[in-house]
Amino acid sequence: MSNAYIDEFPAEARIVRAAFYSSFLALALGGVFGIIQTLHRTDFLRFMDSVDYYTVLTAHGVFLVISFTIFFLVGIFTWAITTSLDRGLEDIRFSWGWYSLMAVGITLTGVAILAGFTDATDISASVLFTFYAPLQAHPMFYLGLVLFVVGTWLAGADWFRSWLAWKAENPDERIPLPTFMVLTTMLMWYIATLGVAVAILAFLLPWSLGWIDTVNPLLTRTLFWFFGHPVVYFWLMPAYMMWYVMLPKISGGKLFSDPLARVVFVLFLVLSVPTGIHHQYLDPGIAEGFKFIAMTNTMFLLLPSLLTAFTVVASMEHGARQRGGEGYLGWLKALPWRDPVFTGMALAGLMFAAAGFSGMINAGMNINYLVHNTFWVVGHFHLTVGTAVALTFMAVTYWFLPQVTGRALWNRSVALGQVVLWFIGMTFMSNAMHRGGLLGIPRRTAEPQYEGFEFEAAVGSVAELDAQIALGGVLLTLSLVLFFANVIGTALNGKSDSLPANGYAETLSGPEDAPLVLDNLKLWTAIAVVLVIFAYTFPLLSIIERGGLFGPEVIPFPLTLESVTTVGIALETAATETVDGATLALVGVIR
Amino acid sequence: MRISKAALLVVIAFTVPILVELRTVLAWVNVELTVLESVTLGVAMILAILVWALWPENGESGHSSTR
C-alpha cells in the first residue's frame, strides 16, 4: 500500500482523473487542428477550403485555451485543496455537479464549432476564440460557454467551502500555501468573468437568438478583454503554483520563500483584471488616456513574474545544492534532468522568460503598434499558454497521473523525450512567428501570400520562416503523440504499490514569516474591485455614450417612394446646413 | 562522462534557440548565413558538445552519472 493521492482521497482522485482526461481529449483535438492550420497557412499542405480555416482556428483556440487548460487546472486545484487542507471535499455529489456542468457546456460549444464543417445543419461558430461582434455564432456556442464558466464558479465555491470548513476547525492556522493560491486565483477569476458574463448574457446570446437586433461591437469587445487578459493568469497561476509547490520538491529542496509566493498571488489578484484594454490599443473608440492607464497596470504585472523567477530559481538552486551541486553555475549539473517532471517545468519556465520579453513589447503602447494583430502576437502566446502553461501541465501530468490512477508511469524516457521535443518544436515555431510579425505578416489569415506583393525578410526569406513554422508544428505534433502514448500506456498499466507519497514542497521561510495581512482575502479583493472600477468605469461609460448600449441607432431602410422623398429632403437640408456652417466658420477664421 | 545523459540531451536541445537566434544576431554584423550554413554550424556545435561531454575527465574511468 502506497501513500499516493488515490489512497488518501479515492473519491476526489476520480474527479481529478475525469478532469484530466477531459483536458487531454481537448488537447488531442486542439493539437490536430493545430497541425492542420499550420500546414495550410504555410502552404505546405492545403486539403481544405480556406473558408474552413477559420473554423479550424476557432476549434484550435477554444479547445486548447478554454477546455484543455481549465479542465486541467480544476484537477490540480482539487488536488491542492484536499492535499494542503488534508480533508476531502465537503460533498462529492456537488463536485461531480460542477464537473458535469463544465463537461456539458464545453460539449455544446464544441459541437457548435465542429458543426461549421458540414452544410447538413445551419449551426456554426467560426468566430475565433475572441468571438468579436459582428461575427455571430449559433446560440449553442454562447450557451455552452456560459455553462462552462458557471461550472468553474461552482468549483470555486466548492473549494471555498472546504477552506471555510477547515478554518472553523483550525481558526488560528495560516492558510496553507496551495490553498491560498487556489483561493486568490478563484477570486481573480470571479471578478474577471463578470465581463464576459455580461457580454454574453446581456448582448451576444440575446443577439444570436434574435431578441435584439444589434450590439455595440466596441462594448462587447471591451467586455471580452475585461475577461480576456485575466484569463491568461487563470492559466498561468496554476502553472506558477506548480513551479512554487512542486518544482522545489522535485529538485530535491524546499521552496525559498512562502511569504514571497503569497505576495505574488496577491499581486496577481489585484492587478490581473484592470489591464485588458492593452489588447485594444488600436481600437479607435477608446481614449488614449485610458489606454495609458491599462499600460501602466500591465507593466506592474511584471513584478510578480520577476519575483517568481527569483524565488523559483533560488529554490532550484537550493535543491541542487542539497544534491551535492557546487560552484556558481556547477549546481546546474546536479539538478534532476533525468526526471521529465523537473525538466519539463524548467524548460517551460525558461521559455516563459522569453515570453515575458515579447509581452513587454505587446504591452508598450507605442511599440505595440508595430506588432499589433501580426504573427508576432501568435508567437508570444505560443510561448505563454502554449509552453509556460501547456508544457508545465504536460510535465506535471507525469507526476499526477500515477497519483490519481494508482498506476506507475508507462515510460519515463519517452516522457523526457516528449518535453524536450516540445521545447525544440516551440523554439522553431515561435521564433519564426515573432520574426514574421516584425515583417508585418498578419495573424488569423488562411493565405498570407499575396499576388504582386512580398514581405521582405530582414534575415533569410519568408519561405524559410514558413518552413521553420511547419517544422516546429510537426515536432510539436510528434511531441503530443509521445505524450498520449504515455497517458494511454499509464492508464493501461497495472496497479502499483511503490508510487511516491502524495505531498508538496516544504519551505525554507514558512508562513510564520509572512505578515498576517497577506491572508486577508477580503482586503485584497476589495482593492482589486476598486482598481477595476477606476480602470473600466470611464472607458465603458464613454463607449456607451458614443455608440449606445446596443450599437448605433438602426435606421429603417426606406421601402416606399414617399419615404425616399422624405429622406432625400432631410439629407439635402442637413447637407445645406453643414455647408452653411462650414462657410460661416471659414469666414470667421479668415476675418 | 562529464554530465549525465539527460543533462546532455537538454544541453543539445539548448543549441536550437542559440542557433536560430544566432543567425539573426550575426546578420546585425553583416554576416549572413544560409540555411545550409546554419545547419552545418549547428551540427558542429552539437559535435563539440558531444566531444566535451563524452571526453573522460582526469581520473575518470568512463563512469556515467545516472542523474
Side-chain angles (χ1 to χ4, degrees), chain A residues 251-252 319-320 323-325 330-340 342-344 346-347 350-351 353-354 357 379 383 387 412-413 415-435 438 457-461 463-465 467-469 471-472 475 479, chain B:
Chain A
S251 305
R323 297 164 62 91
W331 58 270
L332 286 166
K333 288 196 289 184
L335 288 167
W337 297 107
R338 177 77 183 83
D339 188 341
F342 170 81
T343 303
L347 293 178
L350 187 80
M351 285 205 119
F357 294 127
L383 288 182
T387 304
R412 206 163 71 135
S413 299
L416 182 64
Q418 186 265 319
V419 295
V420 171
L421 199 56
W422 190 274
F423 173 80
I424 295 173
M426 198 54 91
T427 300
F428 278 125
M429 198 168 91
S430 67
N431 167 273
M433 286 171 163
H434 277 100
R435 286 165 59 196
L438 288 176
V459 181
S461 66
E464 286 169 22
L465 292 181
Q468 201 176 307
I469 291 166
L471 171 66
L475 293 179
S479 175
Chain B
M1 273 182 80
R2 289 167 191 265
I3 55 173
S4 67
K5 286 178 188 166
L8 178 60
L9 178 69
V10 173
V11 171
I12 290 173
F14 262 83
T15 58
V16 177
I18 290 173
L19 207 64
V20 294
E21 299 295 350
L22 187 65
R23 197 170 171 222
T24 311
V25 172
L26 286 178
W28 282 55
V29 288
N30 293 325
V31 179
E32 298 214 358
L33 298 181
T34 63
V35 175
L36 187 65
E37 287 164 344
S38 295
V39 171
T40 309
L41 182 63
V43 171
M45 281 167 68
I46 291 171
L47 280 176
I49 292 167
L50 284 172
V51 168
W52 168 80
L54 297 173
W55 203 266
E57 279 184 289
N58 286 345
E60 193 188 52
S61 55
H63 168 74
S64 171
S65 166
T66 54
R67 248 173 211 148

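As a basis for the values below, the full set of heavy atoms in this structure was taken, side chains included, without hydrogen atoms, waters or symmetry mates. A note on names: the letters A, B, ... follow the listed sequences, proteins ahead of strands, and every chain is numbered from 1.
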Residue part contacting chain B, namely of Leu332(A), when any heavy atom lies under 4.5 Å: neither

At under 4.5 Å between heavy atoms, what parts of residues 13-25 of chain B are in contact with chain A? List them by residue number. Ala13(B), Phe14(B), Val16(B), Pro17(B), Val20(B), Glu21(B), Arg23(B), Thr24(B)

Contacts of Phe428(A) that satisfy ring pair (Phe, Tyr, Trp, His ring centres under 6.0 Å) - sequence neighbours left out: none

Max heavy-atom pairs within cutoff under 4.5 Å with chain A, candidates Leu9(B), Leu33(B), Leu8(B), goes to Leu9(B)

In chain order, what residues pass the side-chain hydrogen bond (donor to acceptor under 3.5 Å, both in side chains) check against Thr387(A), with sequence neighbours excluded? none

Relative to chain B, which segment of Leu421(A) carries a heavy atom at a distance below 4.5 Å: side chain, backbone, both, or neither? neither

Between Ala458(A) and Glu32(B) the two heavy atoms that sit nearest each other are O-OE2, 4.5 Å

Of all the residues in residues 38-47 of chain B, which have a heavy atom that comes within less than 4.5 Å of a heavy atom in chain A? none

